[in-house]
Student: 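Could you have a look at this structure, given as structure tokens, before my questions?
Numbers here simply count residues along the sequence, with the first being 1.
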Amino acid sequence: MLHALENEYEERKREGIHYSELIYCPREALLRRIDPKPLTTREMMFFFIGECVHRGIEYLLKKHYPKDVETEKQVRYKGLIGTMDSVVNEMVCEYKTSWSTKPTLKQHYRDQCEGYMAMANTNDGLVMIVMLMWILKGQTPFQIHNLHMTEGDREKRLKWIEDETKAYKIALDKKDWHIARHVIGSEMQWKCESCRYRSMCWTHEGYKVRQTFDKGKWKEEYYKE
């Protein structure tokens, strides 16, 4: 299974610039392109579980509501590619899996869905979060968050997309990860915890690293003097 997962994700090298590269961490996305490293088992399993849930949802929608649903539909905006999980009666729908016990609409979930809404020029969207830990408690695991955008909201989002795409293309053309935007200190800093490029990235931003022993394990601690 591990070899199969490694082969599967190694083969998935997408062409073009995708909106998700701008949402999560542009610097990590760029480094994956210019300095690819093997995925960890942890990363592959998170991808695999999330994909299984996605495909299950899409299968059920296509089977039971074939006239109302389009799945994995692409939308393009000035060279940027977005792949929407589903479009249901012109509503953009994104599906997420979460290991958290709190039904929170994370900002990057909103950013991703609203970006697709703006690119598709539609007012309404929906984020459905499958709360995996709630299943163990016998609770209904589906959390629904409805989104609505005005024309002004869409224009602001498209302007952000244009600016971010331009900056990312400059870094990509130069193959210079140093000038790509990072997420240190932002709401997305959780990405750094398991990032394969963390040491080189944080060191470049002026952090130093030391080894600390905590709860029977050695770990790296980053700090600034």
Student: Looking only at side chains, do Glu94 and Tyr116 share a donor and an acceptor under 3.5 Å apart?
Tutor: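 Checked: Glu94/Tyr116 side chains show no N/O donor-acceptor pair below 3.5 Å.
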
Student: Strictly distance-based, threshold 3.5 Å: is any side-chain N or O of Trp202 a donor or acceptor partner for the main-chain N or O of Lys208?
Tutor: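 No: the side chain of Trp202 does not pair with the backbone of Lys208.
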
Student: For atom CD of Glu151, is the number of surrounding heavy atoms from other residues, nucleotides or ligands below 6.0 Å larger than 12?
Tutor: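 Open.
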
Student: Below 4.0 angstrom, N of the basic side chain to O of the carboxylate: do Glu114 and Arg154 qualify?
Tutor: no

Student: When you look at Val130 and Phe142, which way does the side chain to side chain contact (heavy atoms under 4.5 Å, CB included) test go after all the steps?
Tutor: CA-CA 5 Å; Val130 182; Phe142 304 110; 4.1 Å; yes

Student: Atom CD1 in Ile179, atom CG in Leu30: separation rounded to 0.5 Å?
Tutor: 8.5 Å

Student: If you count heavy atoms of other groups shown closer than 6.0 angstrom to CZ of Arg42, is the number above 12?
Tutor: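 Not more than 12 within 6.0 Å, no.
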
Student: Report the distance from atom CH2 of Trp177 to atom CG of Asp35, rounding to the nearest 0.5 Å.
Tutor: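 So the gap between those two atoms works out to 9.5 Å.
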
Student: Going by heavy atoms in the side chains, are Leu80 and Leu22 under 4.5 Å from each other?
Tutor: yes

Student: Measure the shortest side-chain to side-chain distance between Ser194 and Thr40 over non-hydrogen atoms and say whether it is less than 4.5 angstrom.
Tutor: no

Student: For a side chain to side chain contact (heavy atoms under 4.5 Å, CB included) check, start with the C-alpha distance between Glu43 and Phe46, then their side-chain angles and the critical distance, and finish with the verdict.
Tutor: CA-CA 5 Å; Glu43 288 175 308; Phe46 278 137; 5.9 Å; no

Student: When you group the ILVMFWY residues by side-chain heavy-atom contacts below 4.5 Å and let the links chain together, are Met200 and Tyr207 in the same group?
Tutor: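 In one cluster: no.
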
Student: Are Arg196 and Arg32 side-chain neighbours, meaning at least one heavy-atom pair lies under 4.5 Å?
Tutor: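 Yes; the side chains approach each other to less than 4.5 Å.
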
Student: If you look at every heavy atom in Pro26 and Glu164, which pair is closest and at what distance?
Tutor: CG-OE1, 4.4 Å

Student: Quick one: does any side-chain atom of Gln189 pair with a main-chain N or O of Gly185 as donor and acceptor, under 3.5 Å?
Tutor: yes

Student: Between Glu58 and Lys62, does any side-chain N to carboxylate O distance fall below 4.0 Å?
Tutor: no

Student: By the definition side chain to side chain contact (heavy atoms under 4.5 Å, CB included), identify the one residue from Ile81, Ile161, Val75 that meets it with Tyr19.
Tutor: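 Of Ile81, Ile161, Val75, side chain to side chain contact (heavy atoms under 4.5 Å, CB included) with Tyr19 is met by Ile161 alone.
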
Student: Transitively linked via ILVMFWY side-chain contacts under 4.5 Å: Met188 with Ile129?
Tutor: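 Linked, Met188 and Ile129 end up in one cluster.
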
Student: Are the charged groups of Lys166 and Glu162 less than 4.0 angstrom apart, N to O?
Tutor: no

Student: Under the criterion side chain to side chain contact (heavy atoms under 4.5 Å, CB included), I'd like the reasoning laid out for His145 against Leu126: C-alpha separation, chi angles, the key distance, then a yes or no.
Tutor: CA-CA 6 Å; His145 300 270; Leu126 178 149; over 6 Å; no

Student: Are any side-chain N or O atoms of Tyr77 and backbone N or O atoms of Ala118, one a donor and one an acceptor, separated by less than 3.5 Å?
Tutor: no

Student: Counting only heavy atoms from other residues, nucleotides and ligands, does the tally under 6.0 Å from CZ of Arg76 exceed 12?
Tutor: no

Student: Could you tell me the separation between the CG atom of Asp124 and the CE atom of Met117, rounded to the nearest 0.5 Å?
Tutor: 6.0 Å

Student: What's the separation between atom CH2 in Trp190 and atom SG in Cys195, rounded to the nearest 0.5 Å?
Tutor: 11.0 Å

Student: Please walk me through it: do Phe48 and Cys52 pass side chain to side chain contact (heavy atoms under 4.5 Å, CB included)?
Tutor: CA-CA 6 Å; Phe48 181 60; Cys52 286; 3.8 Å; yes

Student: Calculate, to the nearest 0.5 Å, the distance between atoms OG1 and NE2 belonging to Thr83 and His18 respectively.
Tutor: 6.0 Å

Student: A quick test of your reading: do over 12 heavy atoms of other residues, nucleotides or ligands sit less than 6.0 Å from CD of Glu90?
Tutor: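 Counting other residues, nucleotides and ligands, CD of Glu90 stays at 12 neighbours or fewer.
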
Student: Looking at Arg198 and Glu220, is any side-chain nitrogen of the basic one under 4.0 Å from a carboxylate oxygen of the acidic one?
Tutor: no

Student: Is any side-chain N of the basic residue among Asp111 and Lys106 closer than 4.0 Å to the acidic one's carboxylate O?
Tutor: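 Here Asp111 does not pair with Lys106 in a salt bridge, since their nearest N and O are not under 4.0 Å apart.
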
Student: Of all heavy-atom pairs between Ser100 and Met131, which one has the smallest distance, and what is that distance?
Tutor: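 Shortest heavy-atom contact: O-CE, 3.4 Å.
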
Student: Is the closest side-chain heavy-atom distance between Thr165 and Lys78 below 4.5 Å?
Tutor: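 Side chain of Thr165 against side chain of Lys78, heavy atoms only: no contact under 4.5 Å found.
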
Student: Are Gln143 and Leu105 packed together at the side-chain level, in the sense that at least one heavy-atom pair is separated by less than 4.5 angstrom?
Tutor: no

Student: Do you reckon Tyr95 sits in the same ILVMFWY cluster as Met84, going by side-chain contacts under 4.5 Å, direct or chained?
Tutor: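 No, because Tyr95 and Met84 fall into different hydrophobic clusters, even though each may have its own neighbours under 4.5 Å.
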
Student: Under 4.0 Å between a side-chain nitrogen and a carboxylate oxygen: does that hold for Asp163 and Lys159?
Tutor: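 The answer is yes: the pair qualifies as a salt bridge.
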
Student: Once you round to the nearest 0.5 Å, how far does CE of Met128 lie from SG of Cys93?
Tutor: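 These two atoms lie 8.5 Å from each other.
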
Student: Does this structure show an ion pair linking Glu205 with Arg27, if we count only N-O contacts that are shorter than 4.0 Å?
Tutor: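 Looking at Glu205 and Arg27, the cut-off is met.
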
Student: Is there a continuous path of hydrophobic side-chain contacts, each under 4.5 Å between heavy atoms, that joins Ile57 to Val88?
Tutor: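 Linked, Ile57 and Val88 end up in one cluster.
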
Student: If Ile, Leu, Val, Met, Phe, Trp and Tyr residues are connected whenever their side-chain heavy atoms lie under 4.5 Å apart, and connections chain through other members, are Leu172 and Tyr197 in the same group?
Tutor: yes

Student: Please indicate whether His148 has more than 12 foreign heavy atoms, meaning atoms of other residues, nucleotides or ligands, lying under 6.0 Å from its NE2.
Tutor: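 Check passes, neighbour count above 12.
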
